[in-house]
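What follows is a set of notes on a single structure, which appears directly below.
Below, each value reflects all heavy atoms present in this structure, side chains not excepted, and no hydrogens, waters or symmetry copies. Numbering of residues begins at 1 and proceeds along the displayed sequence.
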Amino acid sequence: MEQQRIDLLVHHIGELITMAGEAGPRTGSRMAHVPVVKGGAVAVRDGVVVAAGPEADVRAQIAGLPVAQELDAGGRLVTPGLVDPHTHLVHGGSREHELAMKLQGATYLEILAQGGGILSTVRATRAATEDELYAKAKRSLDTLLLQGVTTCEAKSGYGLTLEDELKQLRVTKRLNEAHPVELVSTFMGAHMVPEEYKGRSADYVKLVIREMLPEVKRLGLAEFCDVFCEHGVFSPAESEEILAAAKALDFGVKIHADEIEPLGGAELAGRLGCISAEHLLAATDAGFEAMRDAGVIAVCLPATSFNLRLKQHARARRMIELGLAVALSTDYNPGSSPTESIQLVMTLGCLNLGLTPEEVLTAVTVNAAHAIGRGDRVGSLEPGKQADLVIFDAANLAYVPYHFGINHVDTVVKGGKVVVREGRLAH
């Protein structure tokens, strides 16, 4: 029998935050319950956490076992690997030309009506080859990893034809197989009604339901289905039709809900039992309560409302008061949130959403993991879970969102392997 061993021991940790202790997403006051271990260590075998806690305790648990690699954290802060539960990672082109339009007062929907916005990115994505999309998305994924993200969701939705949606989803699959960051794939053919279906949204809904969803499922290219439920995009009735069809095919379902107008998307998320509802800036208390009762996770995207120069932000404090589980995400996309900085999102979560640093960490670890169906594997450092962790060049948690505009990550471990060291990619 092979002798047991420890593949990696991370020690000399100043403050260790494991996020261990609860099986499900955290709600209400439990979001702020983030115990800190002073002087911690984490032991890893076969890519999985064996022990995490006070260094003396961890060393006692592994006493007598050979240790293949030791990693000195240098008295720094260590947390679980961060989870980004909402991105539009794979796309062609960029939309920096829209900045001047925004500065002149054009709204998101006005830019869209002029042929910009999502439709502009659709044209660029359709024109790009699969390899071009792969190279562009890999650069963004590298940046996410350097920011401490070890697990990430990626939506399609910039193809809006069966062929181009599959092209995006194949890129996600290739990246998931080749890149250290674990990707969770979401089909979002209902991101927008394409230009060739203008005035015929019902026909496009039929295309999504009858052709796209079955083929994506047959090829196994996505785990979830998402819909943009918004005025001028997909109505609540159309959104429900698409998501009900997705559920019938055994997709998990998500919804972009009540971002700009209170159309009842949050209530629909509750009624359908979505795993998450995203944006929610205009959602009502009734919508929050419907989500809470159905166990739907609220994914807030503060970089999006910041970049759109909105006066209102998602009412995250109210969500927590009502007992919702809140997650945070970059919403990385080429238009409304062109940033891969999860650390900026953590700062905006504090400054614009009113969350504490402890609630923010919960929102980008445990709750974010549950928002993409990975809560059993990632989001905390405890025996049996993947050894995904971040060493921040910070003495404590509050320093990370407090000192904003820089990258605090020193080291990232994914599945027990060091993939970022001294702020540089190691793979």
| field | Heavy-atom closest contact (Gly335 atom, Lys102 atom, distance) | value | O-NZ, 3.3 Å
| Using 4.0 Å as the upper bound for N to carboxylate O, is an ion pair formed by Arg374 and Glu153? | no
| task | May I ask you to establish whether Arg174 and Tyr134 are in a cation-pi arrangement, using a distance under 6.0 Å from NZ or CZ to the six-membered ring centre and at most 45° from the ring axis? | result | yes
| Which of parallel (below 30°), tilted (30 to 60°) and perpendicular (above 60°) describes His86 and His256? | tilted
| said: If I compare all heavy atoms of Ser337 with all of Ala303, which pair ends up nearest, and what's the gap? | reply: OG-CB, 3.5 Å
| Are any non-hydrogen side-chain atoms of His403 and His408 less than 4.5 angstrom apart? | yes
| Under 3.5 Å: donor-acceptor pair, side chain of Ser140, backbone of Ala137 | no
| query | Do Val205 and Ile242 have side-chain heavy atoms sitting under 4.5 Å apart? | reply | yes
| field | side chain to side chain contact (heavy atoms under 4.5 Å, CB included) between Asn407 and Gln147, worked out | value | CA-CA 6 Å; Asn407 186 355; Gln147 281 275 319; 3.8 Å; yes
| note | Separation between CD (Glu359) and CZ (Arg26), nearest 0.5 Å, reads 12.0 Å
| Crowding at CZ, Arg210 (>12 non-hydrogen neighbours, <6.0 Å) | no
| Side-chain donor-acceptor pair present, Thr161, Arg126, cut-off under 3.5 Å | no
| field | Evaluation steps, side chain to side chain contact (heavy atoms under 4.5 Å, CB included), between Phe228 and Glu259 | value | CA-CA 9 Å; Phe228 191 3; Glu259 178 181 4; 3.6 Å; yes
| Asp410, Val400, Val36 screened by side-chain contact (heavy atoms from CB on, under 4.5 Å) with Leu77, the one that passes | Val400
| Side-chain ion pair, Lys173 and Glu177, N-O less than 4.0 Å | yes
| message | Set out, in order, the CA-CA distance, both residues' side-chain angles and the distance that settles side chain to side chain contact (heavy atoms under 4.5 Å, CB included) for Ser156 and Val90, then state yes or no. | response | CA-CA 7 Å; Ser156 67; Val90 181; over 6 Å; no
| Within residues 312-338 or reaching into it, pairs that qualify as ring pair (Phe, Tyr, Trp, His ring centres under 6.0 Å) - sequence neighbours excluded | His91-Tyr332
| Is the shortest distance from a Lys or Arg side-chain nitrogen in Arg5 or Asp46 to a carboxylate oxygen in the other one below 4.0 Å? | yes
| task | Calculate, to the nearest 0.5 Å, the distance between atoms CG and CE belonging to Leu361 and Met346 respectively. | result | 5.5 Å
| Minimum heavy-atom distance between Glu382 and Val49, given as atom pair plus value | O-CB, 3.4 Å
| query | At what distance, to the nearest 0.5 angstrom, does CG of Leu272 lie from NZ of Lys254? | reply | 14.0 Å
| said: Between Thr186 and Asp226, does the side-chain hydrogen bond (donor to acceptor under 3.5 Å, both in side chains) criterion hold? Intermediate values first, please. | reply: CA-CA 7 Å; Thr186 295; Asp226 198 344; over 6 Å; no
| query | Have Ser94 and Glu96 got a donor and an acceptor in their side chains that come within less than 3.5 Å? | reply | yes
| query | Does Thr125 reach the main-chain N or O of Gly159 with its side chain, forming a donor-acceptor pair under 3.5 Å? | reply | no
| task | Supply the atom-to-atom distance His88 NE2 to Gln168 CD, rounded to the nearest 0.5 angstrom. | result | 10.0 Å
| message | A side-chain contact here means heavy atoms from C-beta on lying under 4.5 Å apart; do Ser185 and Asn176 qualify? | response | no
| query | Quick one: does Arg315's side chain have a donor or acceptor within less than 3.5 Å of a partner on Ala283's backbone? | reply | yes
| query | Under a 4.5 Å cut-off applied to non-hydrogen side-chain atoms, are Gln61 and Val50 in contact? | reply | no
| message | With a 3.5 Å distance limit and no angle check, can you tell me whether Asn367 reaches the backbone of Ala325 through a side-chain donor-acceptor pair? | response | no
| Can you find a heavy atom in the side chain of Gln386 that is under 4.5 Å from one in the side chain of Thr150? | no
| task | Examine distances only and state if a side-chain atom of Asn333 and a backbone atom of Asp331 form a donor-acceptor pair shorter than 3.5 Å. | result | yes
| Any side-chain heavy atom of Val413 within less than 4.5 Å of one from Val44? | no
| said: Show, in sequence, the C-alpha distance, side-chain angles and deciding distance for His11 and Leu71, and conclude whether the side chain to side chain contact (heavy atoms under 4.5 Å, CB included) test is met. | reply: CA-CA 6 Å; His11 62 93; Leu71 179 59; 5.8 Å; no
| In Å and rounded to the nearest 0.5 Å, what is the CG to CD distance from Asp250 to Glu223? | 10.0 Å
| message | Just to verify, which of Lys414, Arg377, Lys417 counts as forming a side chain to side chain donor-acceptor pair (under 3.5 Å) with Asp388? | response | Lys414
| task | Check the pair Asp164 / Lys167 against salt bridge (Lys or Arg N to Asp or Glu O under 4.0 Å), numbers first and verdict last. | result | CA-CA 5 Å; Asp164 290 303; Lys167 179 171 66 174; 3.2 Å; yes
| message | Please check: side-chain N/O of Asp258 versus main-chain N/O of Thr284, any donor-acceptor pairing under 3.5 Å? | response | no
| Would Arg59 and Glu55 count as a salt bridge (Lys or Arg N to Asp or Glu O under 4.0 Å) if you check the C-alpha gap in whole Å, the side-chain angles of each, and the deciding distance to 0.1 Å? | CA-CA 6 Å; Arg59 288 190 180 276; Glu55 183 165 342; 2.9 Å; yes
| query | Which heavy-atom pair separates Gly148 from Val409 by the least distance, and what is that distance? | reply | N-CG2, 3.8 Å
| said: For a quick test of reading the model, state the closest non-hydrogen atom pair linking Pro66 to Gln4 and the distance between them. | reply: CD-O, 3.4 Å
| task | Could you pull out the closest heavy-atom pair between Gly416 and Leu8, with the gap in Å? | result | O-CD2, 3.7 Å
| message | Between Thr87 and Glu340, does the side-chain hydrogen bond (donor to acceptor under 3.5 Å, both in side chains) criterion hold? Intermediate values first, please. | response | CA-CA 9 Å; Thr87 80; Glu340 298 95 338; over 6 Å; no
| said: Are His191 and Val122 packed together at the side-chain level, in the sense that at least one heavy-atom pair is separated by less than 4.5 angstrom? | reply: no
| said: Using only atom types and a distance under 3.5 Å, with no angle test, would you say the side chain of Glu130 pairs donor to acceptor with the backbone of Val171? | reply: no
| task | Hey, could you give me the CG/CG distance between Leu301 and Leu353, rounded to the nearest 0.5 Å? | result | 9.5 Å
| said: Any side-chain to backbone donor/acceptor pair from Glu165 onto Leu160? Under 3.5 Å, distance only. | reply: yes
| Looking at side-chain heavy atoms only, is the closest gap between Glu230 and Leu263 below 4.5 Å? | yes
